[in-house]
2 protein chains.
Amino acid sequence: MIDLTPVSVDVLALRFDPDERAVLIGVAPRAAEPFLGEQALPGVLLGKGERLRDAAVRAVSSKLGLPAGAVTATGQLATFDEPSRDPRGPTLSIALWATLSTGGGDVRWSPLASVPPLAFDHDRIVAACRPMLADKLWRDVAFSAGLMGREFTTAQALDVTEALTGDRPYPANLGRSMERLPGLRRTAEHAAALPKGGRPPSMWRWEDS
Amino acid sequence: MIDLTPVSVDVLALRFDPDERAVLIGVAPRAAEPFLGEQALPGVLLGKGERLRDAAVRAVSSKLGLPAGAVTATGQLATFDEPSRDPRGPTLSIALWATLSTGGGDVRWSPLASVPPLAFDHDRIVAACRPMLADKLWRDVAFSAGLMGREFTTAQALDVTEALTGDRPYPANLGRSMERLPGLRRTAEHAAALPKGGRPPSMWRWEDS
DNA sequence: ACAAAAGTGTTACGAATACACCCATGT
DNA sequence: ACATGGGTGTATTCGTAACACTTTTGT
């Protein structure tokens, strides 16, 4: 019988903050050795028979202190298998994304653009997964809907796109991209204008289904 | 201490057969219960500290009877976590692709278009991974080079594309696509014409680097 | 000569991008 | 009125697909 490799599920827990106009990733200081006190992605050991999504939710609630219901969607990113990534011994890390609806919790919410140094190989994981996340926006419906919430404005969509891809599209072009997304509809109402004035952006809503 | 989930690495072992003009996937009958005697993807339990690539090579050599050197490249596809996928109990399956240079072995080489019924949820794994493989062709250099070999003809590239994507591109257009691939060069020589006659196709070679 | 199959050049189409201009709001 | 910023319409660009025509082989 071969010794089994422990599997940890490490979560890129993402949230869009409309006030800060930024996409934030949730990290928390480690409560145990190794790397005690250092910031890390929320992660748990995968239990026997546990689904990856359930483990991701468990990581978010136990490590970030958020209710399970705050997780709006999850999905796979990649698996990291460097044997030396954990000083306690070889551990597989399966990286998932999770989108969250609420802030708060015992969490440091860090803008994606400026993630602090993290424990283990989590810096490397974030760096490797960033382009995958940018690729999912406005392509993976579950990810986009989970991140934006049920209803949002064009202005917010612009902010999120800029946060994930690095540059800000023309509002007109982004609107046309979103119109091609299945399940997303431009509503009749308009949002209130931004503090600085300007034309109020139109609103978008995911069809309930 | 939580019970650990065993991790198996299941391999989509691919080979291009220029004579059959088909992309073949290697499957072998299971040597033990459960599903004794039924065809299955080559897979092994991941050892402690073992890299995914090494486990994939081990699966190919132990289950398909091919030398380790026959594996030209490997890569990740996706992870399957249904707890009931193995009747012995919950097991995680990480699916990898591997490209092979040689045939033979104790293997049933099955055309990708007509894979026989497989043990476990391997049918589902193959179905889910097929589009990912098609997507990698002429985009993922390691995959394309591993599958085609160091040197190949336009005619073979057409055959492989048809096998993976389902339709045959115009030779001219495929040539232009390949010219855009980094590391791939059209050589001066020409191959011998095909049995039925016709203009001999030009040859392509990956730059050694 | 004819058939078969690859290659060349060109055209057509569509998605993504860019931008000039219009509209709605706050100050 | 003016500044701010989203929306509309349109032009441009680029990658892909399509196809007529040419080239090179076998029979």
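Throughout, a chain's letter reflects where its sequence line sits, starting with A, and its residues are numbered from 1. Predicted, not measured: the structure shown is a model, and the values here were computed from it.
- Annotation: of the two residues near DNA chain C, G197(B) and G197(A), the 5′-most nearest-nucleotide partner is G197(B).
- Between F80(A) and Q76(B), every side-chain heavy-atom pair lies at or beyond the 4.5 Å cut-off.
- A 4.0 Å heavy-atom criterion places the boundary nucleotides of DNA chain C facing chain A at dA16(C) to dG26(C), written 5' to 3'.
- Among the atoms of the strands shown, none is found under 4.0 Å from any heavy atom of A192(B).
- Residues passing the side chain to side chain donor-acceptor pair (under 3.5 Å) test with D140(A): none are found, sequence neighbours excluded.
- For DNA chain C, the residues of residues 168-191 of chain A within the heavy-atom distance limit of 4.0 Å (strictly under) are Y170(A), N173(A), R176(A), R180(A), sorted by number.
- A search for side-chain contact (heavy atoms from CB on, under 4.5 Å) contacts involving D135(A) returns R139(A), not counting sequence neighbours.
- Between the C1' atom of dT16(D) and the CH2 atom of W138(B) lies a distance of 17 Å, rounded to the nearest Å.
- Side-chain contact check for P18(A) versus F152(A): every heavy-atom pair is 4.5 Å or farther apart.
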Hey, can you pull the donor-acceptor pairs under 3.5 Å for the side chains in residues 108-120 of chain A, sequence neighbours left out?
| unit_1 | atom_1 | unit_2 | atom_2 | d |
| --- | --- | --- | --- | --- |
| W109(A) | NE1 | G104(A) | O | 3.1 |
| S110(A) | OG | S114(A) | O | 3.1 |

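- For S8(B), the side chain to side chain donor-acceptor pair (under 3.5 Å) test picks out D10(B), with sequence neighbours left out.
- Residues L41(A) and I25(A) are in side-chain contact: their nearest non-hydrogen atoms beyond the backbone lie under 4.5 Å apart.
- The side chain of S202(A) contributes no N or O atom lying less than 4.0 Å from OP1 or OP2 of dG6(D).
- Closest approach of G47(A) and R58(A) over heavy atoms only: N-NH2, 4.0 Å.
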